[in-house]
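Data first, discussion second: the structure below is written as structure tokens.
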Number of protein chains: 2
Amino acid sequence: MADTSTVQTITAVERTAEVLKAFARADTQTLGVTEVAQELGISKAVVHRILNSLRATGFIEFDSASRRYLLGPTALDVGLAFLRHVDVRDLARPVLKELSQQTDETATLSIRSDWQRIYIDQVTPERELKMTVALGRSFPLYAGSSSKALLAFLPQHEIDEYLERTELRPLTDRTITDVDLLHSELVEVRARGYATSLGERQSGAGSVAAPILDHTGHPVASMSLCGPVERFRDEVDRAAELITERTGRLSRQIGYLPEQS
Amino acid sequence: MADTSTVQTITAVERTAEVLKAFARADTQTLGVTEVAQELGISKAVVHRILNSLRATGFIEFDSASRRYLLGPTALDVGLAFLRHVDVRDLARPVLKELSQQTDETATLSIRSDWQRIYIDQVTPERELKMTVALGRSFPLYAGSSSKALLAFLPQHEIDEYLERTELRPLTDRTITDVDLLHSELVEVRARGYATSLGERQSGAGSVAAPILDHTGHPVASMSLCGPVERFRDEVDRAAELITERTGRLSRQIGYLPEQS
DNA sequence: ACCGCTGTTCCGTTGAGCGGAACAACTCGC
DNA sequence: GCGAGTTGTTCCGCTCAACGGAACAGCGGT
């Protein structure tokens, strides 16, 4: 009974939803009754009644000059309520568990806070030798895969600003301290969609991370898989594949629309 | 026949809209069937069917763990379509960025919708203590600088009508609740071209706003700069100067011709 | 094992919504 | 200015889809 097709629905409601979606799809601001009716294969009379019902509730407005209909502010209110209620952490939790289980390594979630990164969640595997990160601690944005995944997807000018005024202090002997090198590393991260690190932030730790992007394309969080570098080195490719698949889905869930090629 | 009450509507559609609004209002992410049914005074069975219809179309999702419902990404899609079609927004975006950068405070853009005001865009500065507004939410037209900037530039008879039938409920202890006082405040706003507020709508927030006028002289939007009242108090004059310069230019861009003296 | 709470389904009744068609209002071309 | 061809809007009788009370099921607490 979790199946969508078996539960009772109301056709009028589904039609209403389709009408709203038609407005969302349209590249013109206004739509006419017949236009909508034809696209959805419903009678004009019905579309007319639906539009007027939506008008009464603010979802649709009416332009009396052209006698055509357009989306109203209530639509925005509801849409943004969706965003308001999305807690990346809650959303990501089950994914972290799944990733950790599938790879038998630690899965983490980080967010950016000002110009630092902090871990806000992690799931560790049941094995003796495993990675554990410090939740709540601040780390720089230039070292480690989670950090680079966040940094690489910021607008270019913000990256430039950040790197201009930030001193790249080495945290380990593998930390990238050359600005030009880091710049081209970030370009690569953006191109392939994920970042890797072998001991850049923490000696002996390897990781792969990808960003979760919101509806504006901004990175709101980054998710990583990490473990002891000796065994993790061989897992990088598989981890990258798994993690980008999940972060991609999460991004779409919070409204990110991948640009069509 | 422009009257909303006389045209035919479909109750199921209006109920659907009310259900979605209930989710927008809620401060919890998920809502249960009974919860919604009680709030709207509809039977549980109907709410259940509506929710499942919306589920089939992506507006609503179902959390099988808690057996409760939440807004889905389609809601966001439709909401953002509304924004996509507001062309003032595109025009104003770079200006907001510039203003925010120049002042290191938050720049916002609002439009009027019926007799309310809603924020449709904002750009925030990179600093710890800053103002952030809720996009999509409705606010009254009588409190706060953005609202007063819109209201003051409406035709006088519309202002009068509005103030006659509107109760000036205080949002903070600084809200203007005296009609005569508000009337003379609006005259002043119109005279100098911008509105200010120190905590009228939101305690602890200060702001300056000016309207963007179209070719008929109607205010289509208002732009504001806002921040914590303690530091903003000293920035008011400079902010007013900056903002009126920009809104003036934007108004001319969309066809407004300043009356020649 | 109880209770009280959810969400979910059943089912017979009925009136709300359907849609074809008529009407009205507007635009365009000649 | 006057049809022809668009729109949006309303009418109205028929029908069947939605209503809602009530029964059912599946939790979670004590």
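As a basis for the values below, the full set of heavy atoms in this structure was taken, side chains included, without hydrogen atoms, waters or symmetry mates. The chains referred to below are lettered A, B, ... by the order of the sequence lines, with proteins before strands, and numbering in each begins at 1.
A:F62 does not carry A:R68 over the face of its six-membered ring by the limits of under 6.0 Å from the centre and within 45° of the normal. Figure legend: cation-pi geometry between A:R25 and A:F23 absent, as NZ or CZ is not positioned both under 6.0 Å from the six-membered ring centre and within 45° of its axis. Figure legend: cation-pi geometry between A:R84 and A:F82 absent, as NZ or CZ is not positioned both under 6.0 Å from the six-membered ring centre and within 45° of its axis.
The CG atom of B:L40 sits 13 Å away from the P atom of D:dC19 (whole-angstrom rounding). Rounded to whole Å, the distance from CZ on A:R55 to P on D:dG8 is 13 Å. One interatomic measurement links the two molecules: CG of B:L51 to C1' of D:dA18, which rounds to 16 Å at whole-angstrom precision. For the pair A:Q38 CD and D:dT6 P, the computed distance is 11 Å after rounding to whole Å. Rounded to a whole Å, the CG atom of A:D63 is 18 Å from the P atom of C:dA25. Taking atom CZ of B:R68 as the reference point, atom C1' of D:dG26 lies 16 Å away to the nearest angstrom.
For the pairing with B:Y69, the side chain to side chain contact (heavy atoms under 4.5 Å, CB included) check across B:V47, B:T30, B:I60, B:D63 returns one residue only, B:I60. Residue A:I50 forms a side chain to side chain contact (heavy atoms under 4.5 Å, CB included) with just one option from A:R55, A:E18, A:R15, and that option is A:R15.
The base of D:dG8 lies close enough to the side chain of A:K44 for a donor and an acceptor atom to sit less than 3.5 Å apart.
No side-chain N or O of A:T16 forms a donor-acceptor pair with one of B:T16 less than 3.5 Å apart. For the residue pair A:Q102 / A:R238, no side-chain donor-acceptor distance below 3.5 Å is found, with atom types taken as modelled. Side-chain contact annotation: A:T124 with A:T132, donor-acceptor N/O pair under 3.5 Å absent. The closest side-chain donor-acceptor pair between A:N52 and A:R49, if any, does not fall under 3.5 angstrom.
Ring pair B:W115/B:Y162 is parallel by interplanar angle, where below 30° counts as parallel and above 60° as perpendicular.
Residue B:Y69 places none of its side-chain N or O atoms closer than 4.0 Å to OP1 or OP2 of C:dT6. Between B:H48 and C:dG7, a side-chain N or O to OP1/OP2 separation shorter than 4.0 Å is absent.
Residues of residues 17-35 of chain A having a heavy atom closer than 4.0 Å to DNA chain C: none are found.
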Exercise. In B/S/- notation, 5' to 3', how is nucleotides 14-19 of chain C contacted by protein heavy atoms closer than 4.0 Å?
Worked result: --SSBB
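Within 6.0 Å of CZ on A:R137 lie no more than 12 heavy atoms contributed by other residues, nucleotides or ligands.
Listed by first residue number, the stems of DNA chain D with at least three Watson-Crick or G-U pairs below 3.5 Å are C:3-29 with D:2-28.
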